[in-house]
There are 2 protein chains.
Amino acid sequence: MTRPQRSDAARNRATVLAAADELFATAAAPAGLSMDDVAAAAGVGKGTLFRAFGSRAGLIQALWDLRTEPLGRAIENGPPPLGPGTDPRRRIAAILDAIVVVKLDNRYLTLAVEERSGGASLYEQPQYQLVHRLLSDLLRDAGRGKESELLAHVLLAAVRADLLDHLIGARGSSRRQLRAGVAAVADLVLNGSGG
Amino acid sequence: MTRPQRSDAARNRATVLAAADELFATAAAPAGLSMDDVAAAAGVGKGTLFRAFGSRAGLIQALWDLRTEPLGRAIENGPPPLGPGTDPRRRIAAILDAIVVVKLDNRYLTLAVEERSGGASLYEQPQYQLVHRLLSDLLRDAGRGKESELLAHVLLAAVRADLLDHLIGARGSSRRQLRAGVAAVADLVLNGSGG
DNA sequence: TTGGCAAGTGGACCGTCGGTCCGCATAGTC
DNA sequence: GACTATGCGGACCGACGGTCCACTTGCCAA
């Protein structure tokens with residue numbers, strides 16, 4: 001089976017994560033961040049980096065997992081409205097809002113996560129599929145019937161990183177406006193005719 | 001001012017467009033299509049290719065313009081429901097459906113067009129901005145008020161190439177199902193509460 | 001027809017990137 | 001202290017978008 005990891009490997013992994021986090025927090029554009037940059041910033045060889053994370057996508061995913069882990073737990077078994085136990089409409093709205101907040105707090109990292117690199121699209125990512133499944137179920141509970149799956153995709157498309165980024169950059173939207181806008185869209189989808 | 005183009009240049013441009021079109025029609029993945037591939041398929045040097053189209057994005061855009069020009073004209077000054085002169089709700093639905101059809105007919109090309117390459121995102125493309133403006137105005141006419149701009153983005157997000165591609169590939173959706181689904185979403189957004 | 005030259009051509013070449021390889025260092029163990 | 005699996009690091013690789021420039025060719029004027 002898998003043997004325990006050596007201490008220097010664990011230390012390096014943490015160093016790299018910290019350095020990459022810092023870089024993504026300050027970078028102007030995520031696409032311009034090369035693996036050499038990350039390795040240099042972490043004071044580590046490129047081989048080490050790839051040994052620890054497998055690929056560029058793996059590193060980004062690891063960072064993203066770190067940042068979204070609290071939200072994931074809150075949704076899975078936290079208190080309402082994020083956690084289970086509320087009216088599905090309210091929960092959907094809460095989840096979407098929380099997603100927007102996380103994405104705004106990690107703007108460039110989120111852009112990098114959603115960038116299609118290699119053959120893998122956003123829609124193949126386990127996290128996406130998890131949220132999509134959850135939203136689908138909630139929409140079904142809310143009486144959205146057979147369109148639930150598609151509607152879940154549409155709701156998630158409304159909070160895609162590049163769209164948010166565009167709304168901030170080109171339209172100058174504020175955080176408040178974005179959250180309100182997404183809430184309005186969700187409300188329309190949730191409470192429109194047919195519900 | 002700009003001098004007329006030499007005849008061999010025009011011929012080569014046409015050759016390249018034809019070859020690239022053929023390649024995109026048969027390619028398994030657009031990202032795997034290199035400029036060298038296109039040049040080789042067209043029987044032309046790479047320099048010629050870049051002289052004619054400026055960049056990879058330029059070539060893809062030229063192809064896309066060719067494919068969408070008829071739809072553009074139909075929307076701008078064709079007969080209803082695509083052209084002006086109908087109920088805005090009906091026109092929005094017609095435009096969205098036409099967009100889905102074009103995207104499905106040019107699946108890999110569309111993926112390539114919407115792939116963020118270089119710094120430019122989908123939202124910076126003139127064509128996107130044109131359609132977005134039109135949809136915004138129509139939504140406003142339909143009484144959608146201040147959320148019109150955001151709603152237009154959301155409607156367009158619902159027909160993004162990678163989403164359609166995912167629905168076809170992973171969920172096995174048929175052309176019919178996709179068109180019906182998008183129509184249902186549009187209906188919800190257009191006729192939901194608040195209109 | 002011809003001569004001149006701007007426009008166009010093509011492919012060798014470049015810089016960058018993600019990713020691999022492998023000789024060397026070192027942590028963990030007895 | 002010795003032995004070994006694990007990890008390290010940076011030279012290296014292949015692919016890609018894009019550039020350069022010596023050569024060719026279409027076009028026009030004489």
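Note that the structure is predicted; figures quoted are calculated from it, not measured. Order of the sequence lines fixes the chain letters, A, B, ..., with proteins taken first and strands second; residue numbering starts at 1 for each chain. As a basis for the values below, the full set of heavy atoms in this structure was taken, side chains included, without hydrogen atoms, waters or symmetry mates.
Listed by chain and number, the residues in a salt bridge (charged side-chain N to carboxylate O under 4.0 Å, His left out) with A:Arg90 amount to none (sequence neighbours excluded). Evaluation of the side-chain hydrogen bond (donor to acceptor under 3.5 Å, both in side chains) rule for B:Thr15 yields no partner, not counting sequence neighbours.
The CE-C1' distance, from B:Met35 to D:dT19, rounds to 13 Å in whole Å. To the nearest angstrom, P of D:dC16 lies 14 Å from CD1 of B:Ile60. Rounded to an integer number of Å, the gap from B:Arg56 CZ to D:dT19 P is 15 Å.
Pairs of residues two or more places apart, or lying in two chains, that qualify as salt bridge (Lys or Arg N to Asp or Glu O under 4.0 Å) and include a residue from residues 18-31 of chain A are A:Asp21-A:Arg67.
Checked by atom type and distance alone, the side chain of A:Thr86 never pairs as donor or acceptor with a backbone atom of A:Arg91 at under 3.5 Å. Judged by distance alone, the side chain of A:Lys103 and the main-chain N or O of A:Val159 form a donor-acceptor pair under 3.5 Å. Using modelled atom types, one side-chain atom of A:Asn106 and one backbone atom of A:Val102 make a donor-acceptor pair closer than 3.5 Å. Between the side chain of A:Thr68 and the backbone N or O of A:Leu71, no donor-acceptor pair lies under 3.5 Å. Side chain of A:Glu69 to backbone of A:Leu66: no donor-acceptor contact under 3.5 angstrom is found. Between the A:Glu114 side chain and the A:Ala161 main chain, a donor and an acceptor come within less than 3.5 Å of each other.
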Would you mind building the protein contact string for nucleotides 23-30 of chain D? One character per nucleotide, 5' to 3', B for base within reach (heavy atoms under 4.0 Å), S for sugar-phosphate only, - for untouched. --BSS---
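No salt bridge links A:Arg140 with A:Glu147; every basic N to acidic carboxylate O contact stays at or beyond 4.0 Å.
Comparing A:Asn12 and B:Asp36, the nucleotide of DNA chain D nearest to each residue sits closer to the 5' end for A:Asn12.
Defining each end axis of the helix from C:dT1-D:dA30 to C:dC30-D:dG1 as the rotation carrying four pairs' C1' atoms onto the next four, with five pairs an end, the two axes are found to diverge by 0° to 10 degrees.
The stretch residues 41-53 of chain A comes close to DNA chain D through A:Val44, A:Gly45, A:Lys46, A:Gly47, A:Thr48, A:Arg51, each having a heavy atom under 4.0 Å from the strand.
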